[in-house]
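First the structure, in the form of structure tokens, and then the observations on it.
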2 protein chains.
Amino acid sequence: MPSSSQEARKTPKQSRSAVTVEAIFTAAIQVLLRDGPRRLTTTRVATRAGVSVGTIYQYFPNKLALLYALLERHLGSLAKAVEEACEALRGRPVLEMSDELVRVFLDARTAEIETARMIYLLAADLDTDGLLTAIRDRIRTAITGVLASAADARFACVDTAGHMLSVILSGATRTVLERDDPGALEIVRAQLPLACAAYLTQAAQSKP
Amino acid sequence: MPSSSQEARKTPKQSRSAVTVEAIFTAAIQVLLRDGPRRLTTTRVATRAGVSVGTIYQYFPNKLALLYALLERHLGSLAKAVEEACEALRGRPVLEMSDELVRVFLDARTAEIETARMIYLLAADLDTDGLLTAIRDRIRTAITGVLASAADARFACVDTAGHMLSVILSGATRTVLERDDPGALEIVRAQLPLACAAYLTQAAQSKP
DNA sequence: ACCTGAACACCGTTCAAGT
DNA sequence: ACCTGAACACCGTTCAAGT
């Protein structure tokens, strides 16, 4: 599936169509939560949005493009949250960084946990390589940058440490997100900062 | 979707039908690799397997049940590999455990990396809660057991440590599996044992 | 006991016609 | 400029008929 098929067909120029697009997005999320990913049909979304099926195809070349836009929104807000946290953490000690980054990852994904779960399920049908690469590059760059600025540690290879930290954070938080187990979430919330800190401490040579 | 719809409709009693079921499985994987998950249709699988569409429905109540069986096979072999590794690691030091467990997770998932990737993509359409719970329980139990037997460490709370280690291993290996980036894979292969060991060392109080 | 394949319901997508 | 909805191609599933 070519990536061009996943971009919006046209940007709404008039306020009427901006409202229509917003209604389509909202309806898609509602159908997703109410009926599940397999019952997310174009007709159902159109009906719920109060428009005709054809209208959807004025703004999205196909159904996948609509789903892609939902995923793009969600991942974009995660990357932005990480970037802002890293900006604020500049120059702080690594222990603070571990704590705060774990918090940001978990919060971003548990805030609307059902929506996030559903959106990840949709992603299976999409060609998400480009989008995921872009998002993880943003996250990795932000994390590597903040690690390099740490007040109390210098890393043998800050790129490796940043890469590894983002893999651990993404993987562990996504793993608990996929499960519907509050107990597992609490263990991760408590232990993941310790695990990150232990790794970073070991990957760094403390400054004199 | 009720879980009963994901079990095999009947077990093949005669050798002819055992061959048919195997042909359906093989064909499904071939179609998956060749045409991708969205083009995995029952007709396509039937044609490739050299049978009629109706034949598929003799052994699987619906298409999802067939996909579920594929996922079940794949995850079962991962859990088995982890259990066997843990059995062999009983009584060894924690550093050896970290190294070996990372190796097992990565090997199990990169051996047939394309197939594994495709099978995970399919999982989105399935009701996998029960299966995933069973698999992760097997993995967590095996890991907790082997940690408790470590020669050189005693854990403040071995259940917590086992839980956390399995989340990190599952998350990080799956995260690199999803990406098509050999560089990321190599970093994880080299650094994940260090991260696991650092966490375990910190979670344990060394014996005198 | 196992297999076939036409038939049916339903979904994604289009496009001529409307406002 | 935007929206409608009947029409078409295609997919999952069934079941009467075959061997």
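All chains are named by letter (A, B, ...) in the order of the sequence lines, taking the proteins before the strands, and each is independently numbered beginning at 1.
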Expressed as a whole number of angstroms, how long is the span from [X]:[atom1] to [N]:[atom2]?
| X | N | atom1 | atom2 | value |
| --- | --- | --- | --- | --- |
| Ile24(A) | dT4(D) | CD1 | C1' | 13 Å |
| Tyr59(A) | dT4(D) | OH | P | 10 Å |
| Arg44(B) | dT13(D) | CZ | P | 16 Å |
| Leu66(B) | dT13(D) | CG | P | 10 Å |
| Asn62(A) | dC11(C) | CG | C1' | 14 Å |
| Arg38(A) | dC11(C) | CZ | P | 10 Å |

Are there more than 12 heavy atoms of other residues, nucleotides or ligands under 6.0 Å from atom CZ of Arg34(B)?
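At most 12 heavy atoms, drawn from other residues, nucleotides or ligands, come within 6.0 Å of this atom.
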CD (Glu112(B)) with more than 12 external heavy atoms under 6.0 Å:
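Count not over threshold, so no.
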Using the closest heavy atom to pick a nucleotide of DNA chain C for each, name whichever of Leu40(A) or Gly54(A) lands nearer the 5' end.
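The 5'-side residue here is Leu40(A).
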Output yes when at least one side-chain N/O atom of [X] is less than 4.0 Å from OP1 or OP2 of [N], else no.
| X | N | result |
| --- | --- | --- |
| Thr20(B) | dC3(C) | yes |
| Tyr57(A) | dC3(D) | no |
| Thr41(A) | dC11(C) | no |
| Ser52(B) | dG5(C) | no |
| Thr43(A) | dC10(C) | no |
| Gln58(B) | dC3(C) | yes |

A side-chain contact here means heavy atoms from C-beta on lying under 4.5 Å apart; do Leu64(B) and Arg38(A) qualify?
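SC-SC contact between Leu64(B) and Arg38(A) confirmed.
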Side chains of Glu83(A) and Glu87(A): does their closest heavy-atom pair fall under 4.5 Å?
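No, too far: nothing below the 4.5 Å cut-off.
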Picking from [options], which would you name as closest to the side chain of [X]?
| X | options | answer |
| --- | --- | --- |
| Thr42(B) | dA6(D), dG12(D), dC3(C) | dG12(D) |
| Lys63(A) | dA6(D), dA6(C), dG12(C) | dG12(C) |
| Val51(B) | dA6(C), dT4(C), dG12(D) | dT4(C) |

Holding to side-chain contact (heavy atoms from CB on, under 4.5 Å), I want the full list of residues that pass it with Ala27(B), two or more places apart in sequence or in another chain.
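Ala27(B) satisfies side-chain contact (heavy atoms from CB on, under 4.5 Å) with Val45(B), Arg48(B), Ala49(B) once adjacent residues are dropped.
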Under 4.0 Å, counting only non-hydrogen atoms across every strand here, what does Ile56(A) touch: a base, just sugar-phosphate, or nothing?
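Counting heavy atoms under 4.0 Å across all strands, no contact is made by Ile56(A).
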Return the CG to OG1 distance between Leu185(A) and Thr173(A), rounded to the nearest 0.5 Å.
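The OG1 atom of Thr173(A) is 10.0 Å from CG of Leu185(A), to the nearest 0.5 Å.
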Do Arg136(A) and Glu178(B) meet the salt-bridge criterion of a basic N to acidic O distance under 4.0 Å?
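So Glu178(B) does not pair with Arg136(A) through a salt bridge.
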Once Watson-Crick and G-U wobble pairs under 3.5 Å are found, how is DNA chain C written in dot-bracket notation, 5' to 3', with | for any base paired to another strand?
||.|||||...|||||.||
